[in-house]
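Convention: sequence-line order gives letters A, B, ...; per-chain numbering from 1.
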Protein chains: 2
Amino acid sequence: MFNIDLTSRVPIYEQLYKKTVELVMKGILKEQTQMPSVRSLAKELGVNPNTVAKAYQQLEHDGIIYSVAGRGSFISKINHQELKEYAFEDFDKAVIDALKASVTVDELCDRIKNIGEGFRND
Amino acid sequence: MFNIDLTSRVPIYEQLYKKTVELVMKGILKEQTQMPSVRSLAKELGVNPNTVAKAYQQLEHDGIIYSVAGRGSFISKINHQELKEYAFEDFDKAVIDALKASVTVDELCDRIKNIGEGFRND
DNA sequence: GAAAGTGTATTATCCGTAGTAGTACACCCA
DNA sequence: TGGGTGTACTACTACGGATAATACACTTTC
């Protein structure tokens with residue numbers, strides 16, 4: 001569920017953050033759902049508890065989860081539109097970079113449609 | 001021309017690489033155009049010559065420029081379609097991430113069109 | 001009340017990468 | 001010959017990611 005890539009250049013805590021957002025967007029993690037504990041998830045992934053804690057703290061900072069000492073971490077009441085905006089951040093940068101490199105809007109749209117056709121979201 | 005952002009999280013040599021590709025795509029840097037020397041560009045940007053050299057070496061490795069000891073570095077014969085593919089690499093990743101987060105193809109295209117309207121490439 | 005599990009905090013350490021600094025070499029050209 | 005070129009090398013610093021080992025306060029459960 002929270003599978004990560006230890007060889008990736010993307011930091012583990014950032015992968016965990018994004019993965020959580022994904023699961024929320026897909027409706028797999030619903031409001032009030034309890035997240036795995038810091039220690040158990042760390043053990044499952046084979047990473048340090050501090051790394052998981054860092055991801056959780058950023059998720060809480062952004063209002064995606066809330067944590068209670070002694071009880072655990074839980075999915076917050078989600079504003080899906082807000083999360084979508086978050087998902088757009090990296091996308092916007094990539095679009096601007098492509099436009100800078102003289103790629104046209106139409107080319108990008110075509111590209112997306114091609115990618116979308118072969119994409120299965122599960 | 002080769003303005004870079006020293007505060008960015010993106011490594012300087014990578015910024016230089018991308019900037020060069022941009023300038024080639026725009027037709028500003030044409031085949032056989034001489035690049036600034038490693039030392040002069042380093043001085044101009046206020047960075048270490050090694051950092052510029054690293055960017056040049058990657059550009060040469062990817063066939064975008066060619067370097068001749070004692071003479072300088074020059075823009076190669078460019079396959080623009082190939083360069084465009086390079087520009088698409090980061091873009092594709094961003095698209096896939098967005099799709100994973102349950103954003104639709106149509107939403108992405110609309111997003112691009114909005115960005116494209118307010119975009120001036122100079 | 002005790003124990004186990006929770007998030008949180010702290011400190012120290014290791015490691016890889018980016019970047020700097022300095023130097024040296026072989027090359028080309030005027 | 002001298003100055004400019006790319007290239008190579010070593011040493012060093014700085015920073016962030018990640019680990020390791022504790023410790024603490026809290027909640028839940030028995």
Side-chain angles (χ1 to χ4, degrees), chain A residues 1-20 24 29 31-77 90, chain B residues 1-20 24 29 31-77 90:
Chain A
M1 192 155 202
F2 285 93
N3 47 358
I4 56 171
D5 180 7
L6 293 175
T7 71
S8 168
R9 305 170 58 183
V10 181
I12 297 170
Y13 71 89
E14 198 172 316
Q15 291 185 51
L16 278 177
Y17 182 108
K18 293 193 176 184
K19 197 71 191 175
T20 304
V24 170
L29 291 178
E31 188 178 342
Q32 305 306 335
T33 303
Q34 180 160 15
M35 295 282 285
S37 79
V38 166
R39 292 176 179 81
S40 68
L41 183 53
K43 191 172 183 182
E44 179 188 334
L45 298 176
V47 301
N48 194 280
N50 293 333
T51 304
V52 177
K54 186 170 183 178
Y56 280 19
Q57 281 155 13
Q58 293 200 0
L59 285 164
E60 181 172 29
H61 174 272
D62 294 349
I64 297 168
I65 68 174
Y66 64 92
S67 297
V68 185
R71 292 198 55 222
S73 299
F74 306 85
I75 304 295
S76 302
K77 185 164 178 299
D90 288 344
Chain B
M1 192 158 203
F2 285 93
N3 47 357
I4 55 171
D5 178 8
L6 293 176
T7 71
S8 167
R9 304 168 58 181
V10 181
I12 296 171
Y13 70 89
E14 197 171 316
Q15 291 184 52
L16 278 177
Y17 183 108
K18 292 194 176 184
K19 196 72 189 174
T20 303
V24 170
L29 292 178
E31 188 177 341
Q32 305 305 334
T33 303
Q34 180 160 16
M35 294 283 285
S37 77
V38 166
R39 291 176 179 78
S40 67
L41 184 52
K43 191 172 182 181
E44 178 188 334
L45 299 177
V47 301
N48 195 279
N50 292 332
T51 303
V52 178
K54 185 169 183 179
Y56 280 20
Q57 281 156 11
Q58 294 201 359
L59 284 164
E60 182 173 30
H61 174 272
D62 294 348
I64 296 168
I65 69 173
Y66 63 92
S67 298
V68 186
R71 293 195 55 222
S73 299
F74 307 85
I75 304 294
S76 302
K77 183 165 180 298
D90 288 342

Visitor: Expressed in angstrom and rounded to an integer, what is the separation of B:Tyr66 atom OH from D:dG6 atom P?
Guide: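 Computing the B:Tyr66:OH to D:dG6:P distance gives 13 Å.
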Visitor: Mark yes or no for a side-chain to base donor-acceptor pair under 3.5 Å between A:Arg39 and C:dG5, with no hydrogen or angle criteria applied.
Guide: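 Result: no qualifying N/O pair found.
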Visitor: Does B:Leu16 reach the side chain of B:Gln58, with side-chain heavy atoms less than 4.5 Å apart?
Guide: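 No; the side chains remain at least 4.5 Å from each other.
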Visitor: Does A:Ser37 make a side-chain N or O approach to OP1 or OP2 of C:dT6 shorter than 4.0 Å?
Guide: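 Looking at the OP1 and OP2 atoms of C:dT6, one of them is under 4.0 Å from a side-chain N or O of A:Ser37.
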Visitor: Take the protein atom NZ of B:Lys43 and the nucleotide atom C1' of D:dG4, then report the distance between them rounded to whole Å.
Guide: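 After rounding, the gap between these two atoms is 13 Å.
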Visitor: Which residue, B:Pro11 or B:Arg71, contacts DNA chain C at a nucleotide closer to its 5' end, judged by nearest heavy atom?
Guide: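 Counting from the 5' end, the first nearest nucleotide belongs to B:Pro11.
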Visitor: Please figure out whether A:Gly46 or A:Ala69 has its closest DNA chain D nucleotide nearer the 5' end.
Guide: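 Counting from the 5' end, the first nearest nucleotide belongs to A:Gly46.
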Visitor: Given atom CD of B:Gln57 and atom P of D:dT5, what is their separation to the nearest angstrom?
Guide: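 Answer to the nearest Å: 16 Å.
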Visitor: Reckon B:Gln34 touches a base, only the sugar-phosphate, or nothing at all at heavy-atom distances under 4.0 Å?
Guide: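 Nothing, no heavy atom under 4.0 Å.
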Visitor: May I ask you to say what A:Glu60 touches in the nucleic acid, namely base, sugar-phosphate or nothing, with a heavy-atom cut-off under 4.0 Å?
Guide: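 Since only primed, P, OP1 and OP2 atoms lie under 4.0 Å of A:Glu60, the category is sugar-phosphate.
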Visitor: How long is the line joining CG of A:Asn50 and P of D:dA18, in whole Å?
Guide: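 Atom CG in A:Asn50 sits about 11 Å away from atom P in D:dA18.
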Visitor: In whole angstrom, give the distance that lies between atom CG of A:Leu59 and atom P of C:dT8.
Guide: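 Going from CG in A:Leu59 over to P in C:dT8 covers 11 Å.
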Visitor: Would you say B:Phe2 and B:Pro36 make side-chain contact, with heavy atoms under 4.5 Å?
Guide: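 A side-chain contact exists here, since the closest heavy-atom pair is under 4.5 Å.
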Visitor: Please tell me which of the listed nucleotides, D:dG17, D:dG6, C:dA18, lies nearest to the side chain of A:Lys54?
Guide: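 Comparing D:dG17, D:dG6, C:dA18 against the side chain of A:Lys54, the answer is D:dG17.
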Visitor: Looking only at heavy atoms, what is the nearest atom pair of B:Leu29 and B:Met35, with distance?
Guide: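 For B:Leu29 versus B:Met35, the nearest heavy atoms are CD1-SD, 4.0 Å.
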Visitor: Would you mind telling me which residue lines up with the more 5' stretch of DNA chain C, B:Thr51 or A:Val38, judged by nearest nucleotide?
Guide: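 Nearer the 5' end of the strand: A:Val38.
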Visitor: Please report the distance, rounded to the nearest Å, between CD in A:Gln58 and P in C:dG7.
Guide: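 In whole Å, C:dG7 P and A:Gln58 CD are 16 Å from each other.
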Visitor: Would you classify A:Ser40 as touching base, sugar-phosphate or nothing, given that sugar-phosphate means primed atoms plus P, OP1 and OP2, and contacts are heavy atoms under 4.0 Å?
Guide: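 No contact.
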Visitor: Would you say a side-chain N or O of A:Ser73 is under 4.0 Å from OP1 or OP2 of C:dG7?
Guide: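 So the side-chain polar atoms of A:Ser73 do come within 4.0 Å of the phosphate oxygens OP1 or OP2 of C:dG7, strictly under.
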Visitor: Does the salt bridge (Lys or Arg N to Asp or Glu O under 4.0 Å) test come out yes or no for A:Lys18 and A:Asp90, once each step is laid out?
Guide: CA-CA 11 Å; A:Lys18 293 193 176 184; A:Asp90 288 344; 3.0 Å; yes
Visitor: Tell me the interatomic distance from B:Leu41, atom CG, to D:dG4, atom P, rounded to whole angstroms.
Guide: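 Result: 17 Å.
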Visitor: Would you say A:Tyr13 reaches D:dG17's phosphate, i.e. side-chain N/O to OP1/OP2 under 4.0 Å?
Guide: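 Yes.
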Visitor: Between A:Tyr66 and A:Ser76, what is the shortest heavy-atom contact and its length?
Guide: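 Looking at all heavy atoms of both residues, the shortest contact is N-OG, 3.6 Å.
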Visitor: Nearest whole angstrom, please: distance from the C1' of D:dA8 to the CG of B:Asn48.
Guide: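 Roughly 14 Å, once rounded to whole Å.
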